[in-house]
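The structure appears below as structure tokens.
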Protein chains: 2
Amino acid sequence: MTVTLKQLAASLGLSPTTVSRALNGFPEVNPATRKRILQAAAEVEYRPNTRAKSLATGRAQAIGHVIPVSTSHEIVNPIFADFIAGAGETYSSAGYEMILRIVPDEEEARAYRDLVARGSVDGVMVHAPLRHDPRVALLSELGLPFLVHGRTSDVARPYSWLDINNQRAFRRATQFLTEFGHRRIALINGLENMDFVHRRRNGYLDALREAGLPVDEALMRNGEMTEPYGYRAVTEMVQLPDPPTAFLASSMIVAYGLRRGLADLGLRMGRDVSIITHDDDLSYLPNQGDVPVFTTTKSSVREAGRRAARMLLQLVEEPGTGPLTQLMESALVVGASTGPVRK
Amino acid sequence: MTVTLKQLAASLGLSPTTVSRALNGFPEVNPATRKRILQAAAEVEYRPNTRAKSLATGRAQAIGHVIPVSTSHEIVNPIFADFIAGAGETYSSAGYEMILRIVPDEEEARAYRDLVARGSVDGVMVHAPLRHDPRVALLSELGLPFLVHGRTSDVARPYSWLDINNQRAFRRATQFLTEFGHRRIALINGLENMDFVHRRRNGYLDALREAGLPVDEALMRNGEMTEPYGYRAVTEMVQLPDPPTAFLASSMIVAYGLRRGLADLGLRMGRDVSIITHDDDLSYLPNQGDVPVFTTTKSSVREAGRRAARMLLQLVEEPGTGPLTQLMESALVVGASTGPVRK
DNA sequence: AACGCTATCCAAAGCGCTTTGGAAATCATG
DNA sequence: CATGATTTCCAAAGCGCTTTGGATAGCGTT
């Protein structure tokens with residue numbers, strides 16, 4: 001059964017103090033004794049009780065992820081699983097526990113306060129930041145180390161984040177299309193209140209401006225990034241007097257919807273209509289092959305999870321470390337979904 | 001800042017004992033005093049320190065989910081996010097923490113032992129059971145309450161699980177197709193070592209037998225359930241001397257691949273070729289509308305998460321409760337992807 | 001008036017660990 | 001060989017809570 005420090009110490013004829021020091025690598029213990037202790041500990045598979053340890057040390061050895069679930073649309077972000085997987089790997093190997101809280105979004109603030117008050121975590125990861133996100137201010141105030149996956153746009157004080165360069169990615173993607181002669185490019189974006197949506201649009205607008213192309217509101221959409229959303233976008237836009245010849249999609253799933261729409265319309269992707277989508281490189285939606293199916297702005301969200309976790313752990317373990325930030329670039333990977341505009 | 005029981009007691013001129021009893025609803029405290037205590041506690045937003053509490057009570061108030069990540073294929077199951085979301089809701093409202101461990105699959109057993117030894121959890125959820133899954137025996141031996149999402153096939157002793165009736169679902173789906181006159185039906189299944197894959201195949205085989213149809217190995221595939229996997233399956237099978245007229249897909253993502261394959265081949269889904277897929281009702285892959293795009297065997301994995309969590313909590317809170325099992329049926333929802341066989 | 005109950009509160013121990021402040025033994029040093 | 005410095009160990013307190021085993025006061029009974 002589970003063996004405690006005290007029992008282990010007794011079985012060795014030593015005090016708990018010495019055993020604890022030996023196990024935790026303190027210097028003041030005879031090498032021979034230490035060896036004996038380590039051996040015995042390994043033999044009985046001793047593991048310190050997490051709760052006791054963290055009560056004594058004051059550190060939770062755990063990182064929290066609070067996932068708000070909107071009671072209205074109930075969408076669970078599909079990138080969530082891969083990000084968590086990446087972050088979780090890092091936590092595990094650093095000896096941290098990952099604790100997840102799924103809460104209705106109106107209770108998110110309370111969840112953070114609760115985690116702090118109960119001393120359940122040493123830091124938290126902030127998911128899916130909004131353009132104006134109150135969480136940054138809240139967490140700064142609470143004094144809990146945190147790292148934002150993404151950014152938010154109106155915060156006075158600096159904070160730590162890891163983001164991909166959404167603006168640059170979408171500017172490059174748009175440029176790529178304009179260079180192929182496309183002049184009517186649609187942007188099938190995510191929900192308006194998300195911060196990344198805003199940045200992607202900026203990149204798109206930058207490129208249009210640089211190419212001297214007009215902005216047409218009719219070619220820009222915001223919505224929950226589902227497959228039917230993509231489908232609807234393309235089937236409706238094709239009926240415009242001057243329909244788009246190219247589409248920028250905000251996710252692979254949306255791109256699937258676009259593709260289906262094109263197929264139903266009898267249009268060939270890459271010839272009649274071009275598509276570029278952002279690809280989070282989700283493990284179950286691979287876009288590979290000699291020539292990938294889609295041209296994408298690609299960036300592994302799993303890798304983002306790994307890096308974000310590493311940064312957060314640093315913030316936790318070295319308090320006073322200035323805000324940490326990291327901007328990941330995404331690759332523009334050319335696949336079969338783009339081509340010169342048809343005359 | 002964070003206030004402790006002792007501080008709260010001191011500020012009220014009471015002993016920690018009384019405050020603790022008042023907060024935990026014990027009878028031996030004067031109603032007036034209790035009210036005073038509750039008020040003060042609410043005012044300073046007192047929350048008992050989780051670790052201290054669980055050290056004292058011996059209960060972790062936490063449920064573990066161990067997610068093995070294969071180092072070889074690295075696929076994170078897409079249903080994972082929705083299941084977790086469902087389970088998480090339940091845990092939260094029951095006052096339990098959810099702790100997640102992402103571990104390389106060869107270390108999974110160690111992860112369970114570790115969780116037990118450290119006393120980090122009161123129970124665990126077992127994901128993605130294999131046909132022959134060693135975890136059930138391991139966990140029984142460890143004496144840790146657990147619930148399996150799915151089933152495994154060769155375990156002597158009874159265990160608790162929640163599963164969908166995969167066999168029945170796939171039998172009905174196959175029947176539905178045979179009744180439409182299909183005689184060449186392909187089964188695009190998941191990885192062979194997964195338990196549900198086996199059950200689905202059994203359902204499929206049952207229906208073929210009932211319809212007096214021969215089994216053709218060339219029409220059955222196993223593989224990681226990605227979009228390209230579906231695509232490859234259909235494009236290759238169509239070249240068979242006697243190609244299938246209908247496909248059973250094991251997930252929505254696979255069905256997307258099938259659909260793309262058909263489109264590339266110039267075949268119309270629902271007319272030239274029929275498709276039925278299992279639909280886990282993932283929030284970001286909706287299959288709705290007056291006439292859904294796909295005919296599916298549908299069962300919400302989110303709801304499964306909710307129920308599984310409830311069952312697990314019951315096992316944890318009422319030890320000695322016999323093994324709990326629940327078999328959910330999935331609905332056969334008719335969409336636009338099926339039709340009578342073309343002559 | 002003495003008694004036993006009951007209601008209400010508290011002191012103290014304990015959960016399993018870490019950590020402070022010695023104590024004892026060993027060592028080098030003059 | 002006495003002295004101070006090191007090395008090596010341990011007792012005890014403490015982390016924030018629960019819980020056992022009283023203590024005290026107020027109450028109704030006889």
Side-chain angles (χ1 to χ4, degrees), chain A residues 1-38 40-41 44-62 95 97 114-122, chain B residues 1-38 40-41 44-62 95 97 114-122:
Chain A
M1 280 298 358
T2 311
V3 46
T4 71
L5 220 217
K6 213 205 285 190
Q7 292 168 351
L8 180 59
S11 81
L12 283 162
L14 291 168
S15 78
T17 308
T18 305
V19 177
S20 171
R21 313 212 95 143
L23 260 24
N24 290 310
F26 283 78
E28 57 272 82
V29 40
N30 188 305
T33 315
R34 183 191 303 272
K35 199 176 157 198
R36 250 179 78 217
I37 295 177
L38 289 176
V44 299
E45 290 195 325
Y46 169 75
R47 301 278 155 71
N49 181 296
T50 314
R51 284 139 214 292
K53 182 161 188 163
S54 75
L55 222 210
T57 59
R59 293 175 312 121
Q61 290 286 94
E97 216 72 83
D114 192 75
L115 286 174
V116 173
R118 308 187 107 94
S120 302
V121 299
D122 296 319
Chain B
M1 282 294 4
T2 312
V3 46
T4 71
L5 221 216
K6 212 205 284 188
Q7 293 167 352
L8 180 60
S11 80
L12 284 162
L14 289 167
S15 78
T17 307
T18 305
V19 177
S20 171
R21 314 212 93 143
L23 260 24
N24 290 310
F26 283 78
E28 56 273 80
V29 43
N30 188 306
T33 315
R34 184 191 303 272
K35 198 177 159 199
R36 249 179 78 219
I37 295 176
L38 289 176
V44 300
E45 289 195 326
Y46 169 74
R47 300 280 154 71
N49 180 297
T50 314
R51 285 142 212 291
K53 182 161 189 164
S54 75
L55 223 210
T57 59
R59 292 175 312 119
Q61 290 286 94
E97 216 72 83
D114 192 74
L115 286 174
V116 173
R118 308 188 107 94
S120 302
V121 299
D122 296 320

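Computed from a predicted structure; not experimentally measured. Note: hydrogens, waters and symmetry copies are ignored here, and every other heavy atom, side chains too, is used. Each chain gets a letter, A, B and so on, in the order the sequences are listed, and its residues count up from 1.
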_Partners meeting side chain to side chain contact (heavy atoms under 4.5 Å, CB included) with B/A41 (sequence neighbours left out)_ =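 For B/A41, the residues satisfying side chain to side chain contact (heavy atoms under 4.5 Å, CB included) (neighbours in sequence not counted) are B/L8, B/L23, B/Y46.
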
*Mind checking what makes side chain to side chain contact (heavy atoms under 4.5 Å, CB included) contact with B/A9, not counting sequence neighbours?*
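Once residues adjacent in sequence are excluded, the partners of B/A9 under the side chain to side chain contact (heavy atoms under 4.5 Å, CB included) criterion are B/P16, B/V19.
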
Considering residues at least two apart in sequence or located in another chain, which fulfil the side chain to side chain donor-acceptor pair (under 3.5 Å) criterion with [X]?
X      : value
B/T57  : none
A/T17  : none
B/R118 : B/D114
B/R36  : none

*Provide the full list of salt bridge (charged side-chain N to carboxylate O under 4.0 Å, His left out) pairs with a residue in residues 6-15 of chain B, sequence neighbours left out, each pair given once.*
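Applying salt bridge (charged side-chain N to carboxylate O under 4.0 Å, His left out) to every pair that reaches into residues 6-15 of chain B, excluding sequence neighbours, yields nothing.
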
*Got a sec, which pairs hit salt bridge (charged side-chain N to carboxylate O under 4.0 Å, His left out) with one end in residues 17-26 of chain B, sequence neighbours left out?*
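For residues 17-26 of chain B, and leaving out neighbouring residues, the salt bridge (charged side-chain N to carboxylate O under 4.0 Å, His left out) pairs sorted by first residue read B/R21-B/E28.
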
_Of residues 45-56 of chain A, the positions that come close to DNA chain D - non-hydrogen atoms, cut-off under 4.0 Å_ =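 DNA chain D contact set from residues 45-56 of chain A: A/L55, A/A56.
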
Looking at every strand, decide which applies to [X] at a 4.0 Å heavy-atom threshold: base, sugar-phosphate, or nothing.
X     : value
A/T17 : base
A/T4  : sugar-phosphate
A/T57 : sugar-phosphate

*Please give, in whole Å, the distance from D/dC9 P to A/F26 CZ?*
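A/F26 atom CZ is separated from D/dC9 atom P by 15 Å.
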
*Bend angle of the helix from C/dA1-D/dT30 to C/dG30-D/dC1, from helix axes over five pairs at each end, nearest 10°*: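 Between the first-five-pair axis and the last-five-pair axis there is 60°.
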
*State which residues pass salt bridge (charged side-chain N to carboxylate O under 4.0 Å, His left out) with B/E45; sequence neighbours excluded, sorted by chain then number.*
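Expected list: none.
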
_Along DNA chain C, first and last positions that approach a heavy atom of chain B under 4.0 Å_ =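 In short, chain B contacts DNA chain C from C/dT8 to C/dG16.
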
*With side chains defined as the heavy atoms from C-beta onward, is the minimum distance between A/N49 and A/T4 less than 4.5 Å?*
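Result no, sub-4.5 Å side-chain heavy-atom pair not found.
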
